[in-house]
Amino acid sequence: MKKLLVLGMAIMMAGAISACNAGNKTANESVSTEAQTDSKKADTSESADSKKADESKAADSKKEDVSFPEFSAKTVEGGEISNDVFKDSKLTVVNVWGSWCGPCVQEIPELQKLSENMKDKNVNVIGIAQDAGSNFQAVKEVLDKSKVTYQNIIPSGPTEDFVMSLQAFPTTFFVDSQGKIVYAIQGSKNLEGFTQIVDDLLSKM
């Protein structure tokens, strides 16, 4: 499995946004992550000043693109989906969520609106339902209630391993047409927040 390598996380300033960690606990913060090159883990005995110096150097270093992990899976709707889906859009918003996670469920209607609003800008939205394999009915009920029309993946194999490696839900990745991750956030967003991120990324493409 290709692992997502991240270097550094920054607290976003646009209000308190909630997320569920892997242990189902809620945290009132949102973090943004940039996919970068692999880095040696900091020694646990390293001082705070040394860590800050290392992070500063990392921020100035040249960043390399990291691809979204390859996948071939079924959707909740029964279709087939793979990494080829990224080629069809300028930007794809990939939202990893779970039916057990309140913040995840609350932002589903916002993502549906984003999907509808961004079609003309060649932006696609895809969901990866973390518990679709173990609790399909609960996932289906969430999607049906919000009248979701965008595709939702049932993770399995390497895709499931990737999803389970995440530390918080929801986690949303923004992927370009080459399958490269250009931005990622942890924590829920409303339509305005998603739109701002998407428009900013599109302006740089």
Side-chain angles (χ1 to χ4, degrees), residues 1-10 30-39 58-59 61-98 104 107-108 110-112 114-130 132-133 143 148-187 189 193-205:
M1 180 189 75
K2 292 184 178 179
K3 291 185 178 180
L4 176 65
L5 305 173
V6 294
L7 186 61
M9 294 188 292
S30 172
V31 294
S32 65
T33 63
E34 276 194 290
Q36 301 186 16
T37 57
D38 195 6
S39 175
S61 65
K62 184 178 180 180
K63 301 167 188 173
E64 292 184 9
D65 292 329
V66 174
S67 297
F68 193 88
E70 293 183 7
F71 65 90
S72 180
K74 292 276 190 180
T75 67
V76 172
E77 299 79 17
E80 302 280 348
I81 190 170
S82 70
N83 290 65
D84 288 342
V85 71
F86 297 133
K87 299 176 183 178
D88 298 329
S89 303
K90 189 171 185 178
L91 185 69
T92 301
V93 181
V94 183
N95 177 254
V96 186
W97 65 285
C104 297
E107 76 172 358
I108 294 293
E110 304 299 288
L111 287 161
Q112 175 60 31
L114 182 73
S115 175
E116 296 169 357
N117 293 351
M118 288 292 172
K119 285 182 179 179
D120 291 343
K121 294 185 178 182
N122 199 19
V123 175
N124 189 26
V125 176
I126 294 173
I128 301 181
Q130 178 264 333
L143 297 175
V148 171
T149 59
Y150 60 85
Q151 292 174 301
N152 272 266
I153 296 169
I154 302 174
S156 62
T159 308
E160 185 174 19
D161 291 339
F162 167 70
V163 168
M164 296 308 295
S165 73
L166 300 177
Q167 298 300 307
F169 298 89
T171 295
T172 305
F173 300 94
F174 299 81
V175 185
D176 68 15
S177 60
Q178 302 301 311
K180 306 295 184 182
I181 297 171
V182 294
Y183 196 67
I185 59 171
Q186 290 179 349
K189 282 281 187 183
F194 277 123
T195 301
Q196 183 176 355
I197 293 172
V198 169
D199 284 341
D200 182 58
L201 292 174
L202 289 176
S203 70
K204 298 173 182 176
M205 290 180 169

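All values below come from the heavy atoms of this structure, side chains included, with hydrogens, waters and symmetry mates left out.
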Check: With a 4.5 Å limit on heavy-atom distance, are the side chains of Gln130 and Leu166 in contact?
Finding: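 No. Closest side-chain heavy atoms not under 4.5 Å.
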Check: Does Val163 reach the side chain of Glu160, with side-chain heavy atoms less than 4.5 Å apart?
Finding: no
Closest approach of [X] and [Y], non-hydrogen atoms and distance?
X	Y	value
Ala132	Pro155	CB-CD, 4.4 Å
Ser177	Ser89	CB-O, 3.2 Å
Ala73	Ile153	CB-CG2, 3.7 Å

Notebook entry, point to check: Where do Tyr150 and Val93 land on the side chain to side chain contact (heavy atoms under 4.5 Å, CB included) test, with the steps shown first?
Noted result: CA-CA 11 Å; Tyr150 60 85; Val93 181; over 6 Å; no
Atom pair [atom1]/[atom2] of [X] and [Y] - distance to nearest 0.5 Å:
X	Y	atom1	atom2	result
Glu110	Lys189	CD	NZ	12.0 Å
Ile126	Leu111	CD1	CG	12.0 Å
Ile197	Ile185	CD1	CD1	4.0 Å
Thr172	Phe194	OG1	CZ	4.0 Å
Asp200	Gln196	CG	CD	7.5 Å

Margin query: Parallel, tilted or perpendicular: which one describes the rings of Phe174 and Tyr183, with boundaries at 30° and 60°?
Written below: tilted
Checklist line | Pairing residues for Gln178 by the side-chain contact (heavy atoms from CB on, under 4.5 Å) criterion, not counting sequence neighbours | finding: Asp176, Lys180
Next item on the list: Show the numbers, then the answer: is there a side chain to side chain contact (heavy atoms under 4.5 Å, CB included) between Asn95 and Glu107?
Entry: CA-CA 10 Å; Asn95 177 254; Glu107 76 172 358; 2.8 Å; yes
Side chains of residues 118-125: which donor-acceptor partners sit under 3.5 Å, not counting sequence neighbours?
unit_1 : atom_1 : unit_2 : atom_2 : d
Lys121 : NZ     : Asp199 : OD1    : 2.9

Next item on the list: Assess whether side chain to side chain contact (heavy atoms under 4.5 Å, CB included) is satisfied between Val182 and Leu91, documenting all intermediate values.
Entry: CA-CA 9 Å; Val182 294; Leu91 185 69; 4.0 Å; yes
For residues 75-83, dump all side-chain donor-acceptor pairs below 3.5 Å to protein atoms at least two apart in sequence or in another chain.
unit_1 : atom_1 : unit_2 : atom_2 : d
Thr75  : OG1    : Glu77  : N      : 3.3
Thr75  : OG1    : Glu77  : OE1    : 3.2
Thr75  : OG1    : Gly78  : N      : 3.3
Thr75  : OG1    : Gly79  : N      : 2.9
Glu80  : OE2    : Lys74  : NZ     : 2.8
Ser82  : OG     : Asp84  : N      : 3.3
Asn83  : OD1    : Phe71  : N      : 2.4
Asn83  : ND2    : Pro69  : O      : 3.4

